[in-house]
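One structure is given below, encoded as structure tokens.
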2 protein chains.
Amino acid sequence: MTRSKGVIVQSERLRDQIYKLIRDDLRTGALAPGERLVEVSLAKKLGVSRTPVREALFQLASDGLLAESSRGYMLPVHTTEEIRDRLEIRRLLEPEILRRACEEASSRQIKSLLKALEEEKKYIDAADASKFIGANANFRLVLLSLCKNPLLTRCAELYDDQFQCFRIWGLNEPRGRELAVGSHEKICNAIKDRKPAAAVKALQQLLDRVEQMLEQYRDSVAS
Amino acid sequence: MTRSKGVIVQSERLRDQIYKLIRDDLRTGALAPGERLVEVSLAKKLGVSRTPVREALFQLASDGLLAESSRGYMLPVHTTEEIRDRLEIRRLLEPEILRRACEEASSRQIKSLLKALEEEKKYIDAADASKFIGANANFRLVLLSLCKNPLLTRCAELYDDQFQCFRIWGLNEPRGRELAVGSHEKICNAIKDRKPAAAVKALQQLLDRVEQMLEQYRDSVAS
DNA sequence: TTGATTGATATTGTATACAATACTCACCTG
DNA sequence: CAGGTGAGTATTGTATACAATATCAATCAA
């Protein structure tokens, strides 16, 4: 697993840097579901002591981004039921974010959203799936940040990231990527035109499709 | 600031016990807004080392329940804007919880909800405000747990608890307590009768009133 | 008196040491 | 050969030691 390429500096708290590093790795799929995260190994690799690593892992776990096993933390492998629970929360939070985005987003922000979309399109057929997954993660970050309630943004990011194990499965298929890009395009246009209803509709269609895919996911995991 | 009466045992992880202990203290208002939480003092009082205390405080802070200052953590004193942001999230999550509660709550759960309401009523005129605040906190815990999506419950609890500094201000006034109990009564009845629309309506009225009170809060804090 | 300076202190951030626990796997026994 | 048993090991949980930094107070100069 290639990962954690970021540099550790002394000026910022180590635990915060490590937290961001690992969270980025989770977003971009650099870590495989089921993989274990061991304090000493990470500490060694990053050239720090166990303490800040430990605290970062702890926070990630309490954010629901890592699972606790009898011995340490690992990448979560959620049941479909758990994924559905997360999806339900996304259904509550994200429509409101889009509504507010339509009202509040500056033209500058919209521009960067469109740019993120282009980036995503660029990699839709990339041989290296991680390219697309990274662009996809970035698009979602930009999208959720369009709302001026920072807490709401942070909360939505969390549940969005908790999806990752399922999302990566979906984005490995071309169909999944097309769904993502198509939906994102609709949402972008709606926000650009300041049409909240259209944005919300596109999002809900996306989430409905995602929920359908959950069935196939269950079967594929069961096999 | 009487607090942290709970007993620390060895069988469970210390940091988890400490987390719960402090979080309970926050819920019941045993800690005053602006009060500092110092690692060594807490560790000494609880008879443990700094490490687990440190980790518990860290998690509380990342949950948004404690504020970071230049030196350690303190009870947050939110601006009205920050409180409004939290209120917005509650408006998104809690109606859905009530809807699901109307469908999913067992008669046993409803019974315990009614009991929690009675407890709250009992202390509405108590000289010791903390009695009422404790009962109020308990009622809300029971209410939010009626929904069968544990993640949603946990998330809602978090934003509910992040309200505490404002809520305690409101519940010190008899008017605030009457509002709380009156609303809770309506919600209870609606859930008992399995009427989601009525439950949501009562909740929304409550939250509207709370938002109005925010104005007065701003003035009282400014003075 | 007021403001700056500096030394002491309080407190956190990180590293390390030690204790406890859960897992692994080889070995033994039936 | 199956299954249990125990020693060894990997890994976390907690305590403590040390380093860095921000705060506070006292002192002194203007």
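Proteins come first, then strands; the chains are lettered A, B, ... in the order of their sequence lines, and each starts at number 1.
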Spacing between M74(B) atom CE and dA22(D) atom C1', to the nearest angstrom: 16 Å

Flag side-chain contact, heavy atom, 4.5 Å: L93(A) against L93(B): yes

Under 4.0 angstrom between S49(A) side-chain N/O and dT14(C) OP1 or OP2: no

Interatomic distance, R13(B) CZ vs dT14(D) P [rounded to whole Å]: 7 Å

From CA spacing to verdict: side chain to side chain contact (heavy atoms under 4.5 Å, CB included), L57(B), L66(B): CA-CA 8 Å; L57(B) 291 178; L66(B) 293 180; 3.8 Å; yes

Separation of atom NZ in K44(A) from atom C1' in dA15(C), rounded to whole Å: 16 Å

L66(B) CG to dT12(C) P, straight-line distance once rounded to whole Å: 12 Å

Spacing of R36(A) atom CZ relative to dC23(C) atom C1', expressed in whole Å: 9 Å

5' precedence on DNA chain D between T51(A) and L57(A) (nearest-nucleotide basis): L57(A)

Rounded interatomic separation in angstrom, taking CD from E12(B) and C1' from dT21(C): 16 Å

More than 12 heavy atoms of other groups within 6.0 Å of R84(B) CZ: yes

Value in whole Å for how far the C1' atom of dT12(C) lies from OH of Y73(B): 9 Å

Distance, rounded to the nearest Å, where R54(A) contributes CZ and dA15(D) contributes P: 11 Å

V48(B), nearest nucleotide to its side chain (from dT11(D), dA22(C), dA15(D)): dA15(D)

R15(A) to F58(B), cation-pi by 6.0 Å centre distance and 45° axis angle: yes

Lys/Arg-Asp/Glu bridge criterion (N-O < 4.0 Å) met for E88(A), R100(B): yes

First of S70(A) and P52(A) reached from the 5' end of DNA chain C, by closest nucleotide: P52(A)

Pair of N/O donor and acceptor under 3.5 Å linking dG13(D) base with R50(A) side chain: yes

R71(A) side-chain proximity, nearest of dT12(C), dC23(C), dA15(C): dC23(C)

